[in-house]
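Encoded as structure tokens, the structure appears first; notes follow it.
Nothing fancy with the numbering, it's 1 onward along the sequence.
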Amino acid sequence: MKFGHFDDQAKEYVITSPETPLPWINYLGNESFFSLISNTCGGYSFYKDAKLLRLTRYRYNNVPADTDGRYYFIRHNGTVWTPAWQPVKTELDSYECHHGLGYSRFVSSKDKILADLTAFVPLHETLEVNRLVLTNKNEKEESLDLTSYVEFCFWNAVDDSTNFQRNLSLGEVEVCGSELYHKTEYRERRNHFAYYTVNAPIDGFDTSRDDFLGVYGSIEHPKSVYEGVSHNSVASGGAVIGSHHLKVTLAPGESKSFIFLLGYSENPSDGKWEAPNVIKKENARAAIARFSTDTQVDAALTDLKEYWQNLLSTYTLESSDEKLNRMVNIWNQYQCMVTFNMSRSASYFESGTGRGMGFRDSCQDLLGFVHLIPNRARQRILDIAATQFEDGSAYHQYQPLTKKGNSDIGSGFNDDPLWLIAGTAAYIKETGDLSILTEQVDFNNDPSLARPLMEHLKRSFDYTLTHLGPHGLPLIGRADWNDCLNLNCFSKEPGESFQTFGPSEGPVAESVFIAGMFVKYGREYAQINELLGEKEEATRAMNAVDQMYDTILDAGWDGEWFLRAYDAFGEKVGSKECEEGQIYIEPQGFCILADVGVNDGQAEKALNSVKERLDTKYGIVLQQPAYTTYHLNLGEISSYPPGYKENAGIFCHNNPWVSIAETRIGRGNRAFEIYRRTCPAYIDEISDIHKTEPYVYSQMIAGKDAPKHGEAKNSWLTGTAAWTFVNVSQYILGIRPTFDGLEIDPCIPSELNEFIVKRIYRGATYEIHVANPNCVEKGIAAVKVNGKEIPVADLCPTRTYHEAAGGICIRPEDGTDFYRIDLVLG
């Protein structure tokens, strides 16, 4: 069952029913001011940090779901309704929500009054624009009441939701005509405030939630709205809201536009006041003046759309598969940019109050957006590296506002260091910029400990090399990529965090997954040293990588697939010897995408085992059989019901690893089959089962052991976005950056007869035409570059991957800014 449709021309998903299975959200903002907005206008706004500088309140997973938000109540002929249905839920005569790139538009009607609401955050601004246009489609004049509403948060979202003994006596506001200023705590430790304005004279206002709702009222039935009278309340203590009341008269066919602005402003500490206890509003009013007319708003919206059009033109696809086109050209890259901005901090599922920016998360996300914004990717790498410790380990998370490590989660996740190599290598492959390696970067945000970034990479490499277990495999620490596989935890009591309880280290528990990472990213570390002329260090690194490769095939191979780990007692995890959890997805994907076993037959055996034992119609599950009892030696992974999350759920993040692995052995049909099963555009028709947004990836889909097989959760903020774009753009379509140049090595479904990729790379445009007349999956038969036929053997081989790679590599040449490449597969 569908609840909407794609509009590829407008780059929108159009939702045609407000009663979606879950709130289907969009993200507004791309720099420092951000808003989440659902298809019923729920959500919240914040400046830089969803925990520490939140402007508006939101009640997660409440019943009814998806409250609060930015609401516009229309009272007409005794009926109250809202353009996006929530919160009053009056049945509308028509409804559409258009989620676009950085904006959302709501078009609805009731009793021939048309409401057209557009919400977006303009480029380079710290405010959200809500423009509401009301049109009278009746044949007579109509009068109505329009009442706006937002509820302010007292900045720190955790304290705001818990510290009621303080917060119920804290609220402060100023009212200046149509400008409502939220200045709670401004008198003391803050130099910032929020404001909510409308570009029209108002007939009343409220800033006290109790006065607006009524003591026993609710947002579904606010007293002021239903009575048609605002109280002109000035909040003093208690909950603070912003509400404007406008009496509107519309002639037949007449439209009127109202521009509401929700913004953040700050003043220097020595310039906070324009009079005693009167905030200085100069900066805020300048921003308000920039969006006071429809012409200004239209221009800003046009600029926003052009920004996204230009950004996404870096990598575009033309093929006969419209679903593949829309994901590659629009939604996958858009989601990658959102994960760049948010990491895992702020979504409908992530409250923004706990997790900040993840070390591992942000490094992986970089793989999906580095081609779009390489300069910002460069800064992100330096920010991440600054949270690393001197021994090469790292804080697992850091706060986006302070950019300092989050000690609540701490460190000890032993895969983290290698992801820094992964992100840095991806940046260098994309840009060729080696200067980043000489940038001085703090350890633990301490300037006195600053060293070149290359030293950080060395310590990342050496951390793994110096933390090996009895089998010569890397020690897992608190966990590796799978935070829920806690081999050193041993938690028996409820309420203990699996990620912080118990020892962070152990001398025995080892990870085959980290071993696969070490082979892949250790090889890239060696290649970076080669580029720098550090031959001795490159040789040392490659010797260690070769040793780890052999160790995986020795101690990490179970006969038909790769082991997952060894626990704290030296027992195998992910082995046929185990009663439950015999095979895991992660090492089958990652070891093979590192080319372990590709030439020796193990890779094909392992991938056949994945298909036989882990495959489902909705994707590949994380492990089998599911755990039916709690295993003290494994931790959180066995705490979930069978089929959910890491206990045999379909973890979409690692499905691309297996798809990439299939391309390494040339099986394009199977690689694309895996890609399609979790790809939103291909499962739009089952939105009633899938439940999350049909235009972006989710982290998890319930596995075959779950009663609700196929139901997804944790949408938007997931490494699935980046890894899936890497998979489809670099491995299936096969256009990937390397240290040497742009490698072209498609591995496609045999039914895909041709496609064209336009790729901007190191300042040049590559237009790559791929023809597949013989319906093969992999293999290049003929190549032309700028019209000149070139023997495949004459093109330089890439050094980035194992000799199993069969592609060609185009080295950029000075003075050449356009390459037309014609490939024939065969």
Side-chain angles (χ1 to χ4, degrees), residues 312-319 328-329 333 367-372 374 377 424-434 520 523-524 527-528 530-531 593 595 660 663-664 666 668 725-748 752 754-773 776-826:
L312 299 187
S313 67
T314 304
Y315 192 116
T316 60
L317 167 69
E318 295 178 40
S319 79
V328 171
N329 295 334
Q333 294 192 77
L367 306 180
F369 70 77
V370 63
H371 67 293
L372 296 170
T424 306
Y427 170 79
I428 295 172
K429 290 176 189 177
E430 182 66 34
T431 64
D433 174 23
L434 296 175
K520 178 169 176 57
R523 187 180 293 138
E524 295 186 356
Q527 290 165 341
I528 292 171
E530 283 184 7
L531 293 173
L593 72 83
D595 288 329
I660 293 171
T663 71
R664 305 311 287 161
F725 191 72
V726 169
N727 174 32
V728 70
S729 66
Q730 297 187 25
Y731 289 89
I732 293 176
L733 298 175
I735 318 297
R736 58 180 170 263
T738 74
F739 294 115
D740 288 329
L742 196 64
E743 183 179 9
I744 306 171
D745 184 21
C747 187
I748 58 176
L752 188 60
E754 61 180 344
F755 65 88
I756 300 171
V757 168
K758 293 181 181 178
R759 173 72 153 88
I760 297 174
Y761 178 66
R762 299 190 187 181
T765 298
Y766 291 72
E767 189 174 295
I768 302 159
H769 295 242
V770 177
N772 186 21
V776 301
E777 298 172 66
K778 189 179 175 80
I780 298 172
V783 184
K784 288 183 180 179
V785 178
N786 289 339
K788 181 181 178 181
E789 190 165 343
I790 300 177
V792 174
D794 289 353
L795 290 165
C796 65
T798 177
R799 296 179 301 178
T800 307
Y801 298 101
H802 199 263
E803 57 267 21
I808 55 121
C809 183
I810 310 297
R811 293 182 185 271
E813 296 180 4
D814 292 339
T816 304
D817 58 9
F818 179 82
Y819 295 87
R820 162 73 186 250
I821 297 115
D822 293 276
L823 259 67
V824 178
L825 302 184

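Taking each heavy atom of Ile760 and Glu430 in turn, the nearest pair found is O-OE2, 4.0 Å. Closest non-hydrogen pair, Leu312 versus Asn329, comes out as CD1-O, 3.5 Å. Closest heavy-atom contact between Leu593 and Arg664: CA-CG, 4.2 Å. Minimum heavy-atom separation, Ile821 to Leu823: CG2-CD1, 3.1 Å. The minimum heavy-atom distance between Val785 and Val783, with the atom names listed, is CG2-CG1, 4.1 Å.
Here the CD1 atom belonging to Ile790 is positioned 8.0 Å from the CD1 atom belonging to Ile808, to the nearest 0.5 angstrom. In this structure, the separation between SG on Cys747 and CD on Gln730 is 14.5 Å, given to the nearest 0.5 Å. Atoms CD1 and CD1, on Ile528 and Ile428 in that order, are 4.0 Å from each other to the nearest 0.5 Å. The structure places NZ of Lys520 at 4.5 Å from CD of Glu524, a figure rounded to the nearest 0.5 Å.
Residues Leu742 and Ile768 form a side-chain contact, since some pair of their non-hydrogen atoms from C-beta on lies under 4.5 Å apart. At a threshold of 4.5 Å between non-hydrogen side-chain atoms, the residues Pro746 and Ile744 count as touching. Between Lys778 and Leu825 the shortest side-chain heavy-atom distance does not fall below 4.5 Å. When side chains are defined from C-beta on, Lys758 counts as touching Glu318, because their heavy atoms get closer than 4.5 Å. Looking only at side-chain heavy atoms (C-beta outward), Pro812 and Tyr766 come within less than 4.5 Å of each other. Phe755 places none of its side-chain heavy atoms less than 4.5 Å from the side chain of Val328. Side-chain contact between Arg759 and Ser729 is absent, with no heavy atoms from C-beta onward closer than 4.5 Å.
Without hydrogens or angle criteria, Thr663 side chain to Ile660 main chain gives a donor-acceptor distance under 3.5 Å. Gln333 contributes a side-chain N or O that, together with a main-chain N or O of Tyr315, makes up a donor-acceptor pair within less than 3.5 Å. Looking only at distances, a side-chain donor or acceptor of Arg762 sits under 3.5 Å from a matching main-chain atom of Lys429.
In this structure Tyr427 satisfies the ring pair (Phe, Tyr, Trp, His ring centres under 6.0 Å) test with no other residue, sequence neighbours excluded. By the ring pair (Phe, Tyr, Trp, His ring centres under 6.0 Å) test, Phe369 is found to be paired with Phe340, residues two or more places apart in sequence or in another chain being considered.
Within the structure, every pair that satisfies the salt bridge (Lys or Arg N to Asp or Glu O under 4.0 Å) test and touches residues 815-826, not counting sequence neighbours, is listed here: Glu767-Arg820, Arg820-Asp822.
For the pairing with Glu743, the side chain to side chain contact (heavy atoms under 4.5 Å, CB included) check across Ile735, Thr738, Ile810 returns one residue only, Thr738.
Note: Tyr819 and Tyr761 fail the aromatic proximity criterion, with ring centroids not under 6.0 Å apart.
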